[in-house]
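Step one of this worksheet: look at the structure below.
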2 protein chains.
Amino acid sequence: MSKTLQNIKLAVDAIVFGYQQNELNVLLIKQKFDGDTDQWALPGGLVQNEESLTEAVNRELLEETGIQLQYLEQLYTFGDQLDRDHRGRVVTVAYFGIVNPKGMEPAAGSDADEAHWFPISEVPILAFDHTKILDVALTRLQAKLNYQPIGFDLLDEQFPFSDLESLYRTILGKEIDRRNFRKKILSFGILEETNEKRKIGSGRPATLFKFNKNKYKELEQEGFSFEIKFA
Amino acid sequence: MSKTLQNIKLAVDAIVFGYQQNELNVLLIKQKFDGDTDQWALPGGLVQNEESLTEAVNRELLEETGIQLQYLEQLYTFGDQLDRDHRGRVVTVAYFGIVNPKGMEPAAGSDADEAHWFPISEVPILAFDHTKILDVALTRLQAKLNYQPIGFDLLDEQFPFSDLESLYRTILGKEIDRRNFRKKILSFGILEETNEKRKIGSGRPATLFKFNKNKYKELEQEGFSFEIKFA
DNA sequence: ACAAAAGTGTTCGCTTTACACCCATGT
DNA sequence: ACATGGGTGTAAAGCGAACACTTTTGT
């Protein structure tokens, strides 16, 4: 076994989802290439020698978009397509995160010309294999919605029930029964009713709820599991 | 942004589970280090420049143990612990697979002194962070058992129902109700009853079943999902 | 005849589903 | 008064959980 020197670069990419105006959005940057046409891409870049993968992805995200997240989850490592990056062989570890984009306006950094939220339905063709990566992330997001209370991270701290409903409807792309949905979620006991109401134009004002994270963690420890099924 | 040359090595590791004599086993190799004490480790090694990750892990597995699998699934990429390998910074992509060890006796290759099946309960302390990796893989295996028909890959082509029962009991580490389990599995319609029976010593001979993979794929396409719950 | 393993149904409670009308506010 | 979105209950069906005796073989 003669060993030639390994010449593989290791990168990280971040898929950050946000939810705004009844639409699922994803954070993209405009890549500046020397002498190449600009293209939109997921934020990300090469891992540095002395940083962990988690550090790398958080750093890249901050540098390129100005956004910081509390939590990014490892999604998948893409390294089977040898020519996925024309600059040489690059294996990338993709992370995904979700955030309420309110007050999270991206500020372009040094690596990127621009950083923007794109509604999922309007995502342009992406650089490298990022379209595929986004697709994998989206599938994971949809799956997680059913067994983890991630919906709350995408909403404001206080939200009317209808926001949660339409979030599920939007991301899963199916209709859900309002009554059954509300009953189910409330039965978990992880939502707190506030005294505030939201009025928007006409219609009855909605009671605002907030997610009780401590209660959720407590229940989780007792073996409770968040789970929503839709036929 | 001054770029220093990236000096990170990329490796793959394989966690291969087998089921034998009512015990879950895992495939390990004895690592030969020059001037270092021998240690048991997961099969794996550095990715070569011109091969995909999947190719790499299959190649390493074949070289080190003589075993070939049809399917290895990506588990997780371990790269947050900078000193996980004392030979320098190594990020490893772990894959896991399951196999019926019958007729899969490991043959040690050039990289490894020996390769052996170890019952999970008797796994020694492993090299690097392989103990942790194995732990992650085990958790995943237990989870998958409940929503994918992987149990059948661990058994002989034809098996009595009791084998499947004890496989679940062993891997999940809990008791299961024989009647309910059988009812549930049979209700999926993915098992075929054969005309053969197995007798072992005393006791009523057991009808042998076989897994109908085509039927399963068909049903899956129609939206059917294999799912077993135990309280 | 006894020991050993395989095979088999029913009942109860809970969860899921389907479904339609009234309430509070703005215009 | 009407339009708009919020809020609510019940019945039927399906699923999961609990549970014990009979059958077939070897010794």
Side-chain angles (χ1 to χ4, degrees), chain A residues 21-22 145-147 151 155-156 158-170 172 174-210 219 222-231, chain B residues 21-22 145-147 151 155-156 158-170 172 174-210 219 222-231:
Chain A
Q21 293 146 232
N22 283 357
L145 210 51
N146 289 313
Y147 60 85
L155 297 176
D156 295 345
Q158 301 197 149
F159 54 88
F161 226 94
S162 55
D163 275 15
L164 192 62
E165 276 165 37
S166 55
L167 185 150
Y168 272 78
R169 234 184 324 224
T170 305
L172 297 178
K174 24 179 157 168
E175 284 310 305
I176 56 181
D177 182 292
R178 282 169 58 225
R179 275 183 288 194
N180 292 339
F181 181 75
R182 186 186 181 110
K183 221 183 311 172
K184 182 75 177 165
I185 300 277
L186 286 179
S187 75
F188 294 149
I190 54 177
L191 285 192
E192 256 171 44
E193 195 170 332
T194 70
N195 293 319
E196 295 169 65
K197 306 257 180 203
R198 178 187 299 172
K199 309 181 207 192
I200 34 148
S202 71
R204 178 174 175 172
T207 309
L208 297 183
F209 290 85
K210 63 179 183 189
L219 288 170
E222 295 168 15
F224 157 84
S225 80
F226 183 94
E227 206 186 337
I228 298 176
K229 308 196 175 183
F230 303 100
Chain B
Q21 292 147 231
N22 282 358
L145 210 51
N146 288 314
Y147 61 85
L155 298 175
D156 294 345
Q158 300 199 147
F159 54 89
F161 227 93
S162 54
D163 275 14
L164 192 61
E165 276 165 36
S166 54
L167 184 150
Y168 272 77
R169 231 176 327 194
T170 306
L172 297 178
K174 24 181 158 168
E175 284 309 306
I176 57 182
D177 183 292
R178 283 171 55 226
R179 274 181 289 191
N180 291 339
F181 181 76
R182 187 188 179 107
K183 221 184 309 175
K184 183 72 176 167
I185 299 277
L186 286 179
S187 76
F188 294 148
I190 53 177
L191 286 193
E192 256 171 44
E193 194 171 331
T194 69
N195 292 320
E196 295 169 65
K197 305 256 181 206
R198 178 187 300 173
K199 309 179 206 191
I200 35 150
S202 73
R204 179 173 172 171
T207 309
L208 297 183
F209 290 85
K210 63 180 183 186
L219 289 170
E222 294 167 16
F224 157 85
S225 80
F226 183 93
E227 205 186 338
I228 299 176
K229 307 197 176 183
F230 305 100

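Order of the sequence lines fixes the chain letters, A, B, ..., with proteins taken first and strands second; residue numbering starts at 1 for each chain. Just so you know, these numbers use all the heavy atoms, side chains as well, and skip hydrogens, waters and symmetry mates.
Residues passing the salt bridge (Lys or Arg N to Asp or Glu O under 4.0 Å) test with B:Asp177: none are found, sequence neighbours excluded. With sequence neighbours left out, the side chain to side chain donor-acceptor pair (under 3.5 Å) criterion links B:Lys183 to B:Asn180. Under the rule for a side chain to side chain donor-acceptor pair (under 3.5 Å), B:Lys199 has no partner lying at least two apart in sequence or in another chain. For B:Thr207, the side chain to side chain donor-acceptor pair (under 3.5 Å) test picks out B:Lys197, with sequence neighbours left out. Shown here are the side chain to side chain contact (heavy atoms under 4.5 Å, CB included) partners of A:Glu175, two or more places apart in sequence or in another chain: A:Arg169. Evaluation of the side chain to side chain contact (heavy atoms under 4.5 Å, CB included) rule for B:Arg178 yields B:Glu165 as partners, not counting sequence neighbours. Not counting sequence neighbours, the partners of B:Gln158 by the side chain to side chain donor-acceptor pair (under 3.5 Å) test are B:Glu196.
Remark on the helix from C:dG13-D:dC15 to C:dT27-D:dA1: inter-end axis angle 20°, axes from five-pair C1' superpositions, rounded to 10°.
In this structure, the CG atom of A:Leu164 is 18 Å from the P atom of D:dG5, given to the nearest Å. Summarising the geometry, the separation between CD1 on B:Ile176 and C1' on D:dG16 is reported as 14 Å, rounded to the nearest angstrom. One atom, CD1 of A:Ile185, and another, P of C:dT16, lie 12 Å apart when rounded to the nearest Å. As rounded to whole Å, 15 Å separates atom P of D:dT8 from atom CZ of A:Phe181. The CZ atom of B:Arg198 sits 16 Å away from the P atom of D:dT25 (whole-angstrom rounding). The interatomic distance linking B:Lys174 (NZ) with D:dA17 (C1') rounds to 14 Å, in whole Å.
Contact between the side-chain N/O atoms of B:Lys184 and the OP1/OP2 oxygens of D:dG16 is found at a separation under 4.0 Å.
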**Report entry** Test side chain to side chain contact (heavy atoms under 4.5 Å, CB included) applied to A:Asn146 and A:Leu172, step by step
**Finding:** CA-CA 9 Å; A:Asn146 289 313; A:Leu172 297 178; 4.0 Å; yes

Query raised in the report: How does protein reach along nucleotides 3-13 of chain C, written 5' to 3' as B (base within reach of a heavy atom under 4.0 Å), S (only sugar-phosphate), or - (no contact)?
Result: -BBBBBBB---

